[in-house]
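Below: the structure, in structure tokens.
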Amino acid sequence: SLEEKKQNNLELSIYPNPAQNYIVFELKQKDSNLNYQIELYNSIGALVSKHSFVNADRINLPRESLATGVYFYKLSNGNGAVKSGKFIFE
């Protein structure tokens with residue numbers, strides 16, 4: 001139903017974009033009972049980083065050894081909601 005679809009939609013801000021040393025994922029709604037997972041993929045679709053979080057509404061991911069370029073993210077939670085998009089490390 002439409003109501004179920006709305007509940008599974010994650011509202012998310014990511015910044016700064018483009019980023020230099022870190023990228024922040026900020027959830028608009030917080031659910032302390034859910035595990036969140038962020039997967040980062042490079043421009044050719046290879047998984048380059050995976051992070052898990054519990055009870056987080058703001059996730060600060062360091063750049064670590066990621067090269068300059070475009071990255072795609074997939075954020076998911078324990079309820080099956082998924083949000084994806086892209087950002088740039090410069």
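These numbers come from the heavy atoms of this one structure, side chains and all, not from hydrogens, waters or symmetry mates.
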The test is ring-ring contact (aromatic ring centres under 6.0 Å, His included); show your working for Phe89 and Phe87 and say whether it passes. CA-CA 7 Å; Phe89 272 134; Phe87 64 92; 5.3 Å; yes
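- In terms of the side-chain contact (heavy atoms from CB on, under 4.5 Å) criterion, residue partners of Gln20 (sequence neighbours excluded) are, by chain and number, Glu90.
- The shortest side-chain heavy-atom distance between Phe53 and Leu27 does not fall under the 4.5 Å cut-off.
- In this structure, Ile14 CD1 and Glu26 CD are separated by 12.0 Å, a value rounded to the nearest 0.5 Å.
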Would Tyr41 and Val48 satisfy side-chain contact (heavy atoms from CB on, under 4.5 Å), going step by step from the backbone distance to the final call? CA-CA 5 Å; Tyr41 298 86; Val48 295; 5.8 Å; no
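- Side chains of His51 and Leu61 form a contact here, defined as non-hydrogen atoms less than 4.5 Å apart.
- Distance check: Leu40 CG to Leu75 CG gives 10.5 Å after rounding to the nearest 0.5 Å.
- Side-chain atoms of Tyr36 and Val54, non-hydrogen and from C-beta on, never get closer than 4.5 Å to each other.
- Closest approach of Ser76 and Val82 over heavy atoms only: CB-CG2, 4.0 Å.
- Two residues are said to be in side-chain contact when any heavy atoms from C-beta on lie closer than 4.5 Å; Thr68 and Arg63 meet this criterion.
- In terms of hydrophobic clustering, with Ile, Leu, Val, Met, Phe, Trp and Tyr side chains grouped at heavy-atom distances under 4.5 Å, Val70 and Leu47 are assigned to a common cluster.
- In the hydrophobic clustering of ILVMFWY residues, with side-chain heavy atoms under 4.5 Å counting as a link, Leu66 and Phe25 come out together.
- Asn77 places a side-chain N or O within donor-acceptor distance of the main-chain N or O of Asn79, the cut-off being under 3.5 Å.
- Judged as a salt bridge (charged side-chain N to carboxylate O under 4.0 Å, His left out), and not counting sequence neighbours, Lys86 has no contacts.
- Residue Ile38 is grouped with residue Ile23 when hydrophobic side chains (ILVMFWY) are merged at heavy-atom distances under 4.5 angstrom, including chains of intermediate members.
- Taking each heavy atom of Tyr22 and Ala19 in turn, the nearest pair found is O-CB, 3.2 Å.
- Residues Asn17 and Ile88 come closest through the heavy atom pair OD1-N, 3.0 Å.
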